Amino acid sequence: MSRDYTEQELRRREERAELEAAGIDAYPHSWSVTHRSASLIASFTDEEHQPGEENGPAPLRVSVAGRMMSRRIMGKASFFHLQDAEGLIQVYVRRDDLPEGFYNTVFKRLLDIGDIVGIEGFVFRTRMGEVSVHAERLVLLAKALRPLPVVKEQDGQVYNEVTDKEFRYRQRYVDLVVNPKVRETFRKRARMITGIRSFLDEKGYLEVETPALQPVYGGAAARPFTTHHNALDMPLFLRIADELYLKRLIVGGLDGVYEIAKDFRNEGLSRFHNPEFTMMELYVAYRDYDWMMDLVEELVEHVATLLNGMPVVQFGDHEISFKRPWKRIPMFEAIQERTGHDLYGLSREELARIGKELGLEIDSSMGSGKIIDEIFGEFVEPNLIQPTFITDYPVELSPLAKRHRTTPGLVERFEAIIGGKEICNAFSELNDPDDQRSRFEAQDRLHAAGDDEAMAIDEDYLRALEYGMPPTAGLGVGIDRLAMLMTDSHSIRDVILFPLLRPEATEDPEATEDTAETEGPGAPGQ
RNA sequence: GAUCCCGUAGCUCAGCUGGCAGAGCAUCUGACUUUUAAUCAGAGGGUCCCAGGUUCGAACCCUGGCGGGAUCACCA
């Protein structure tokens, strides 16, 4: 398989050949690093480290490694910037400090922006005040055969910034190299997840793993991905939620369990939806949804503070404060506040009439719960920017939630809405096996009527409930959406390293159809 | 799935009413031993997303397709 190389790629391949002809390995095996850029720069002080003065401090010798990101060649001396995991550090190279011929031939002619190099030398501050490494040894660690987009920056102004979304998502490795903000976003995401995990561990909850391949899928309303197990010759579904397995563990006596895992939903893509996404689910025995609201506030305030030093983030034009306590409003009250209509207890016909009056399209397949949800989603949710708990949902929307202790027709459920989007969903868990069975049966009728997102009856789950599940509070948090809020990202693709895209056209037009069909794994195309 | 916008050099982008394909960075050659978007002099580099159509002539207009983005629908 070959393709036409560009002029610059050909040039780099020639350079590699020349390097190898000169006995220089273009891909050596290792390099020992003693320092990283940002922390090295931060630790440098003129009094302790700046060499040159008589009786001055001894030079600080270091070994660093990274990618050459820019080059300023001035005759017999040069500067370049080296980028490592922490950031950039400038390197100073002089012809006369390197072996005979190395500077002119290897450094100036055979190395390029994008190459990965190792530097041994001493640290100093230049006349212009930049802490830099004066190279005494320079070793190629990996030759870059493709040219990297060259992005320049001066006083915060970025030139030739790589902005093409498709390029950035398809070649995230390049995006990470050239866009520092992207590296910061994913560091923050990682710190957020670590923060959630240690918060939950500290409370004594047990992190568990439940099946991603499930014979019966459930726990949410969504279409699944289906697959097949050959040896058992059975269909399997990729999980759409962890819920029913985690609650089996509550039955089993593990009083508090959580899982941070990928869920898979075979549905459309959007700014807020990726077919695989990360969910954190938590179940705690002997608790209810009121208690869980307190926990969510505490958790999110804690994580936001961990990431930003304070429980406040800038999100687009809004400053969002996660400081406890958050507003709590029953769903019907919130709808009445925004639309003037009290929907509680109304018949389906009355709800449909109000929906239409409000300008929504209501069709005959929509049940009462669905209409209420539409009205909520249209008039309430987008206006909830500051963290708000919406509580007490209609029972028909929530087949796994426990009935409200005082208000008929509702369940004890809440969602936290932040920035106009649902961030988590929680309830007092339904633990009456007979009620659960009848809810499943209602779902099953919907399914039979053509709703392919309705839940299936999970007999094993019902069996577990029949053994007795303690009162339990359950929570699901959309980790990607929380990461969006914490990093001021406005598309889920900006917080998922490799979001799903359509397969791109193969680079080699000859490698299409005829070969793709006959080749085994790894063949491009579908 | 619908609507709108976008697709030009390795990257960022210009390209007027249809008339020779452009700039900066990157690359190459030369100068330069503390520069920092280094600078200076020169050179090379194009399937204008793809396929048709209109026209004397298409990057530009028309039709269809591919890919991306945004909004909507869907997604409790």
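Residue numbers begin at 1 in each chain, while the letters A, B, ... track the order of the sequences. Just so it is clear, the structure is predicted and the values come from calculations on it, not from any experiment.
Per the geometry, CD belonging to A/Gln157 stands 12 Å off C1' belonging to B/U12, to the nearest Å. Computed from coordinates, the A/Lys152 NZ to B/U12 P distance equals 16 Å when rounded to whole Å. Following rounding to the nearest Å, A/Gln154 (CD) and B/A38 (P) show an atom-to-atom distance of 8 Å. Look at OH on A/Tyr169: it is 18 Å from P on B/G67, rounded to the nearest Å. Rounded to an integer number of Å, the gap from CE of A/Met74 to P of B/G30 is 18 Å. For A/Lys165 and B/G7, the NZ to P distance is 16 Å, given to the nearest whole Å. One atom, CZ of A/Phe122, and another, C1' of B/U34, lie 12 Å apart when rounded to the nearest Å. In this structure, the CD1 atom of A/Ile362 is 10 Å from the P atom of B/C74, given to the nearest Å.
Within the 4.0 Å cut-off from OP1 or OP2 of B/G68, at least one side-chain nitrogen or oxygen of A/Arg502 is found. Between A/Arg170 and B/G68 there is a side-chain N or O to OP1 or OP2 distance below 4.0 Å.
Atom CG of A/Leu269 is separated from atom CZ of A/Arg502 by 8.5 Å, given to the nearest 0.5 angstrom.
Taking atom C1' in both B/C16 and B/C60, one finds a spacing of 10 Å when rounded to whole Å. Nucleotides B/C32 and B/U39, compared at atom C1', are 9 Å apart to the nearest Å. Across B/C13 and B/C6, the matching C1' atoms stand 13 Å from one another, rounded to whole Å. Taking the P atom of each, B/G46 and B/G64 are spaced 33 Å apart, rounded to whole Å. Rounded to the nearest Å, the gap between the P atom of B/A41 and that of B/A26 is 15 Å. B/U8 and B/A76 are spaced 37 Å apart, taking the P atom of each and rounding to whole Å.
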Using the 3.5 Å cut-off, write out each protein N or O paired with an N or O of nucleotides 9-11 of chain B and the distance between them.
none

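Taking 3.5 Å as the limit, the base of B/U34 and the side chain of A/Arg127 contain no donor-acceptor pair of atoms between them. In the interface, the side chain of A/Gln90 is paired with the base of B/U35 through a donor and an acceptor atom under 3.5 Å apart.
As judged by a 4.0 angstrom heavy-atom cut-off over every strand, A/Arg413 is placed among residues touching the sugar-phosphate backbone only. Residue contacts for A/Glu15: at a heavy-atom cut-off of 4.0 Å it reaches the sugar-phosphate backbone alone, with no base atom in range. A/Met455 comes within 4.0 angstrom of a base, heavy atoms only.
Of the two residues contacting RNA chain B, namely A/Lys76 and A/Ser270, the nearest-nucleotide position lying further toward the 5' end is that of A/Lys76.
Remark: A/Arg71 qualifies as a cation-pi partner of A/Phe107 under the 6.0 Å distance and 45° angle criteria applied to the six-membered ring. Cation-pi geometry between A/Arg338 and A/Phe379 is not satisfied (NZ or CZ under 6.0 Å from the ring centre, within 45° of the ring normal).
Closest approach to the A/His81 side chain among B/U27, B/U36, B/A76 is made by B/U36 (side chain taken as heavy atoms from C-beta onward).
Residues passing the side-chain contact (heavy atoms from CB on, under 4.5 Å) test with A/Glu86 are A/Arg36, A/Ser37, A/Ala38, A/Ser39, A/Asp84, sequence neighbours excluded. For A/Glu422, there are no salt bridge (charged side-chain N to carboxylate O under 4.0 Å, His left out) partners at least two apart in sequence or on another chain. Under the side-chain contact (heavy atoms from CB on, under 4.5 Å) criterion, A/Val117 pairs with A/Met68, A/Phe80, A/Leu82, A/Leu111, A/Ile119, A/Leu138, A/Leu140, sequence neighbours left out.
Between the side chains of A/Tyr169 and A/Asp494, at least one donor-acceptor pair of N or O atoms lies under 3.5 Å. When only modelled atom types and interatomic distance are considered, A/Asn431 and A/Lys402 share a side-chain donor-acceptor pair under 3.5 Å.
In terms of heavy-atom proximity, A/Pro147 sits nearest to A/Arg12 at CA-CZ, 3.8 Å.
At distances below 3.5 Å, at least one donor-acceptor pair connects side-chain atoms of A/Glu9 with backbone N or O atoms of A/Thr6.
Here side-chain hydrogen bond (donor to acceptor under 3.5 Å, both in side chains) pairs that include residues 88-97 of chain A, with residues two or more places apart or in two chains, are A/Arg72-A/Gln90, A/Gln90-A/Ser132, A/Arg94-A/Asp97, A/Asp97-A/His134.
In the region residues 92-108 of chain A, proximity to RNA chain B at under 4.0 angstrom, judged on heavy atoms, holds for A/Tyr92, A/Arg94, A/Asp96.
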